[in-house]
Each structure stands twice: as structure tokens, then as C-alpha cells.
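To start, the structure itself, in C-alpha cells.
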Amino acid sequence: MAQPDSADLPPRVVNQRGAPRKRTLLGGKVIYGDGQQVRDCTIRDISETGARIAIAKGEVIPTRVFLIDRRAPIAYEATVSWIKVPEFGLTFLKTHALKGDIPAELDYLKSVWSRLCVPLGGTPV
């Protein structure tokens, strides 16, 4: 039997991620529209360069968003790099530490964080 010509073979699938991802199951928030829109999400994977999130079925998000992870006071400015509803792949563009100084136009992110990090049975931190 003859070997197939390499032009007849399907392309190789290559992992093009810039950093290894860590599987997670974390609660988070997707924020857009200058803070007017806040959606719950589940962070399924996360790395230094991006994340895979899931949102409620039927929900959509724009191509540019902020992601806040419940664990840390950090907002990730991100773009949507792929969609497989209800999951979205995000590529991080920039991070903003929410316990430090951030641009005034992003202060709404601190407000979202303060509501997100309420301990069970407690008051906001």
C-alpha cells in the first residue's frame, strides 16, 4: 500500500497556548459596558495568558470584557478568542490589581470585586 502524500493529510493540531493552563472550577464575573453589565461565569481553565469560561446558556458577551476571579483582587482585561457556546476562550491583554491604584474610569471594577468577595455569612471586606 502506498504512503499518502503529505498534502493529502489533515493539518496537525498544535497547542498554540502561550502558557500552560490550569483546570479550575471557580466562580467569577464578566464585566462590560463600562460596568453596566455584569454576568456570572464559571472559570474552567486559567493561565497567565487567558482563560476558558462558561456563562449561562442563552447569554452572550461582547468581544472585549473584564474577568474577575473570586480568588484574587485582579481584573483581567480580555478579548474573546473563540466561542463554543456556552463556553468562551479569553485572551488576557492586561491585568489590573484591584487593591491598588487603577485608572479612574475603571473604578467600577473595584465595586464589583467588593460585592464578589463577601465572606459567607459576613459583610463585605
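This chain uses plain numbering: 1 for the first residue, then up along the sequence.
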Non-hydrogen atoms of [X] and [Y] that approach each other most closely:
X: Pro62; Y: Val80; answer: O-CG2, 3.4 Å
X: Phe66; Y: Ala75; answer: CD2-CB, 4.5 Å
X: Lys110; Y: Gly100; answer: NZ-O, 2.6 Å
X: Phe88; Y: Glu59; answer: CZ-O, 4.3 Å
X: Ile31; Y: Tyr108; answer: CG2-CE1, 3.7 Å
X: Phe92; Y: Ala78; answer: CD2-CB, 4.0 Å

Discussion item. Which residue in the set Val38, Asp69, Val65 passes side-chain contact (heavy atoms from CB on, under 4.5 Å) when paired with Lys29?
Written reply: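 The residue from Val38, Asp69, Val65 that satisfies side-chain contact (heavy atoms from CB on, under 4.5 Å) with Lys29 turns out to be Val38.
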
Is [Y] close to [X] at the side-chain level, that is, under 4.5 Å between some pair of heavy atoms?
X: Ile43; Y: Leu67; answer: yes
X: Tyr76; Y: His96; answer: no
X: Arg44; Y: Glu87; answer: yes
X: Ile68; Y: Leu116; answer: yes
X: Lys57; Y: Val85; answer: no
X: Leu26; Y: Arg71; answer: yes
X: Ile74; Y: Leu98; answer: no

Rounded distance (nearest 0.5 Å) linking atom [atom1] of [X] with atom [atom2] of [Y]:
X: Leu109; Y: Ser114; atom1: CG; atom2: OG; result: 11.0 Å
X: Thr49; Y: Leu93; atom1: OG1; atom2: CG; result: 11.0 Å
X: Asp45; Y: Leu25; atom1: CG; atom2: CG; result: 10.5 Å

Practice prompt. Take Arg64 and Glu77 through the side-chain contact (heavy atoms from CB on, under 4.5 Å) test and state the conclusion after the steps.
Written response: CA-CA 8 Å; Arg64 193 147 182 148; Glu77 190 171 344; 3.0 Å; yes

Item to complete: Begin with the C-alpha distance, continue with both residues' side-chain angles, and end with the deciding distance and a verdict on side-chain contact (heavy atoms from CB on, under 4.5 Å) for Ile55 and Ile61.
Response: CA-CA 9 Å; Ile55 60 175; Ile61 58 175; 3.9 Å; yes

Worksheet item: Run the side-chain contact (heavy atoms from CB on, under 4.5 Å) check on Thr91 and Thr79 step by step: do they pass?
Response: CA-CA 5 Å; Thr91 300; Thr79 58; 4.0 Å; yes

Worksheet item: Going hydrophobic residue to hydrophobic residue with side-chain gaps under 4.5 angstrom, can you get from Ile83 over to Ile46?
Response: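 Shared cluster, yes.
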
Practice prompt. Apply side-chain contact (heavy atoms from CB on, under 4.5 Å) to the pair Arg39 and Tyr32, showing each step before the final yes or no.
Written response: CA-CA 9 Å; Arg39 301 279 182 263; Tyr32 56 94; 3.5 Å; yes

Discussion item. Checking Asp107 now: which residues fulfil salt bridge (Lys or Arg N to Asp or Glu O under 4.0 Å) with it, not counting sequence neighbours?
Written reply: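 Scan of Asp107 (salt bridge (Lys or Arg N to Asp or Glu O under 4.0 Å), adjacent residues dropped) gives none.
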
